[in-house]
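What follows is one structure encoded as structure tokens, with my remarks underneath.
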Amino acid sequence: MEAFKIALDKLQFQKDLISWFAEEKRDLPWRRTSDPYQIWISEIMLQQTRVDTVIPYYKRFVEKFPTLRDLAEADEEILLKQWEGLGYYSRARNLQAGVKEVAEKYDGIVPASRKEISSLKGVGPYTAGAVLSIAYGIPEHAVDGNVMRVLSRILLIEEDIAKPKTRKIFEEAVTELISHEDPSSFNQGLMELGALICTPTSPKCLLCPVREHCAAFHEGKQHELPTKTKAKKNKAVQYAMLAILYGKSVLMEKRPSTGLLANMWQFPMIELTEEVLPLEIEEQLSENFQGVVSNAEKITSFKHVFSHLTWNVDGYIAKGQNLNVPSHMKWVTAEELELLPISGPVQKMKAVLKQRGDV
DNA sequence: AATACGGGGAC
DNA sequence: GTCCCAGTATT
């Protein structure tokens, strides 16, 4: 059955963990609701994102879209604006797609089986288990980075947690260990322990409620676990970002619906594949838009680092006339600009323009 | 199994 | 600078 033996006193472990959680858990906004829809929102936002970052977003989001149907009917532009700055924007699109399916196919009730909830867009193995256990009290595993770190130490599991295959080992372990009395507190307790006590570096073992159950602590190996390999390359790309002004409007373009920053708005950009002198920018622009772009002036220059990509951006301001504007672009006023969802680098450019008084 | 997908905080 | 975070979708 299990890939290894559980050597600890399961019932005592459950009790120690759940008691500690009841006593020490943080007062977080999504812990004040039992609405599966709102808990779902929190779990999506918390994917690869810190609790402190999520809190203000979560509050605004549930205020803006209090019910599942509110979100199902929301305009995507409004939705993305709410998500602006949180990152991983496909989460927002997938969440709405999932919510729409629940509204139509499940009469607005978030399904309570792993099979059904896992079929929803953006709901993977972790999120499925989290919503099932927290919202419905169903004893399902919810294995995230915290849980793998905590259990790798407690059970002395030395498999590389960077490998996709390894997650299954921890899912089996949780399935074996989970409390059927209080699955919600058990799963949340494991994660809370990882966040507050069993941290990546310098775990606070002397404060740990389950250190007597911890194999790594007994062998002094808590600092060596979890095993995690990591290798990633970061490419760099050069762009010219153009604020093209005409009267009181500025030209904006919508990014494609897939890939990086999908559906987000930005100032038109040109990739500088080769050495391009500032003088050539105007020519390129005029050509791209089959119109007149003049007075190009570099006003800023910055670097923006993504996970696997770095943008080196030169920001220009220019005047546009008689431009042939493609369908994915539009002229917007300063007021309209405030409504468009934009990503980090575009916010940097926008800030420079506002400071200069150009928009 | 690898890679793409954001942004911010900790060290 | 590097690593990590209440991961998932795509290839």
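Below, read A as the first sequence line, B as the second, and so on, with proteins coming before strands; counting in each chain starts at 1. None of the values given here were measured: they were computed from a predicted structure.
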Touch check for R31(A), heavy atoms < 4.0 angstrom, all strands: base, sugar-phosphate only, or nothing? base

Please walk me through it: do F306(A) and H304(A) pass ring pair (Phe, Tyr, Trp, His ring centres under 6.0 Å)? CA-CA 7 Å; F306(A) 297 98; H304(A) 190 89; 4.7 Å; yes

At less than 4.0 Å, is any side-chain N or O atom of R50(A) found next to OP1 or OP2 of dA10(B)? Yes or no. no

Without decimals, in angstroms, what is the distance between N187(A) CG and dA6(C) P? 14 Å

Counting side-chain heavy atoms from C-beta on, which of dC11(B), dG7(C), dC5(B) comes nearest to D144(A)? dG7(C)

With rounding to the closest Å, how many angstrom separate the C1' atoms on dG8(B) and dG1(C)? 15 Å

The residue, P164(A) or I342(A), whose nearest nucleotide of DNA chain B is more 5′ is P164(A)

Taking atom CD of E63(A) and atom CG of D70(A), what is their separation to the nearest 0.5 Å? 12.0 Å

I want to check one thing: is the phosphate of dG7(B), taken as OP1 and OP2, less than 4.0 Å away from some side-chain N or O of Y89(A)? yes

Is it the case that E172(A) and T175(A) place a side-chain donor and acceptor less than 3.5 Å from each other? no

Sugar-phosphate only, base, or nothing, as touched by G259(A) at under 4.0 Å among non-hydrogen atoms: sugar-phosphate

Could you measure between the two C1' atoms, the one in dA6(C) and the one in dT3(B), and give it in whole Å? 22 Å

F306(A) side-chain proximity, nearest of dA6(C), dG6(B), dG7(C): dG6(B)

Ignoring hydrogens and geometry beyond distance, is a side-chain donor-acceptor pair present between H213(A) and D9(A) at under 3.5 Å? no

Just the atom pairs and distances: protein N or O near nucleotides 9-11 of chain C's N or O, under 3.5 Å.
residue : atom : partner : partner atom : Å
dA9(C)  : OP1  : G122(A) : N            : 2.5

Report yes or no: is there a donor-acceptor pair, N or O only, under 3.5 Å between the side chain of R91(A) and the base of dC5(B)? no

To the nearest Å, how far apart are R149(A) CZ and dA10(B) C1'? 13 Å

Reckon L309(A) touches a base, only the sugar-phosphate, or nothing at all at heavy-atom distances under 4.0 Å? nothing

What interatomic distance, in whole Å, is found between C1' of dG9(B) and the corresponding atom of dT8(C)? 23 Å

With no angle test and no hydrogens, is the base of dG6(B) tied to the side chain of S343(A) by a donor-acceptor pair under 3.5 Å? no

Using a 6.0 Å distance limit plus a 45 degree cone around the ring axis, check whether R60(A) lies over the aromatic ring of Y57(A). yes

Please report the distance separating the C1' of dC5(C) from the corresponding atom of dA1(B), rounded so that it comes out in whole Å. 22 Å

Tell me: CD of Q82(A) to P of dG6(B), nearest whole Å? 18 Å

Classify the nucleic acid contact of R26(A) as base, sugar-phosphate or nothing, counting any heavy atom under 4.0 Å across all strands shown. base

So does Y88(A) reach the base of dG6(B) with its side chain, donor to acceptor, closer than 3.5 Å? yes

L46(A) CG to dC5(C) P, straight-line distance once rounded to whole Å: 13 Å

With Y246(A), which residues qualify under ring pair (Phe, Tyr, Trp, His ring centres under 6.0 Å), at least two apart? W331(A)

Strand DNA chain B in bracket notation, Watson-Crick/G-U under 3.5 Å with | for pairs to another chain: |||||.||.||

Touch class at under 4.0 angstrom, heavy-atom based, for I161(A) against every strand present: nothing

Given atom CD1 of I55(A) and atom C1' of dG7(B), what is their separation to the nearest angstrom? 16 Å

Would you say the side chain of T49(A) and the base of dG7(B) hold a donor-acceptor pair, judged only by whether the two atoms sit under 3.5 Å apart? no

If only side-chain N and O atoms count, and only distance matters, is there a donor-acceptor pair under 3.5 Å linking S133(A) with N187(A)? yes

At 4.0 Å (heavy atoms only), tell me whether Y126(A) reaches a base, stays on the sugar-phosphate, or touches nothing. base

Side-chain N or O of T53(A) versus OP1/OP2 of dC5(C): is the shortest distance under 4.0 Å? no

Touch check for S307(A), heavy atoms < 4.0 angstrom, all strands: base, sugar-phosphate only, or nothing? base

Separation of E84(A) atom CD from dG8(B) atom P, in whole Å? 11 Å

Between K303(A) and S42(A), which residue's closest nucleotide on DNA chain C lies nearer the 5′ terminus? K303(A)

Please state whether the phosphate of dG7(C), meaning OP1 or OP2, lies under 4.0 angstrom from any side-chain nitrogen or oxygen of Q48(A). yes

Hey, is R114(A) close enough to E140(A) for a salt bridge, meaning N to O under 4.0 Å? yes

Scan side-chain atoms only and decide if Q96(A) and E76(A) contain a donor-acceptor pair under the 3.5 Å cut-off. no

Between P of dG7(C) and CG of L95(A), the distance in whole Å: 16 Å

I'd like to know if the side chain of Q188(A) pairs up with that of S184(A) as donor and acceptor (distance under 3.5 Å, no hydrogens or angles considered). yes

Whole-Å gap separating C1' (dG7(C)) and NE2 (H308(A)): 12 Å

Verify the contact: side-chain N or O of H304(A) to OP1 or OP2 of dG7(B), cut-off strictly under 4.0 Å; return yes or no. yes

Please classify the nucleic acid contact of W30(A) as base, sugar-phosphate, or nothing, using heavy-atom distances under 4.0 Å. base

Under 4.0 Å, heavy atoms only, any strand: does K165(A) hit a base, just the sugar-phosphate, or nothing? sugar-phosphate

State whether a side-chain donor-acceptor pair under 3.5 Å links Q47(A) with R91(A). no

Modelled atom types, side-chain donor and acceptor of D160(A) and T229(A), under 3.5 Å: yes

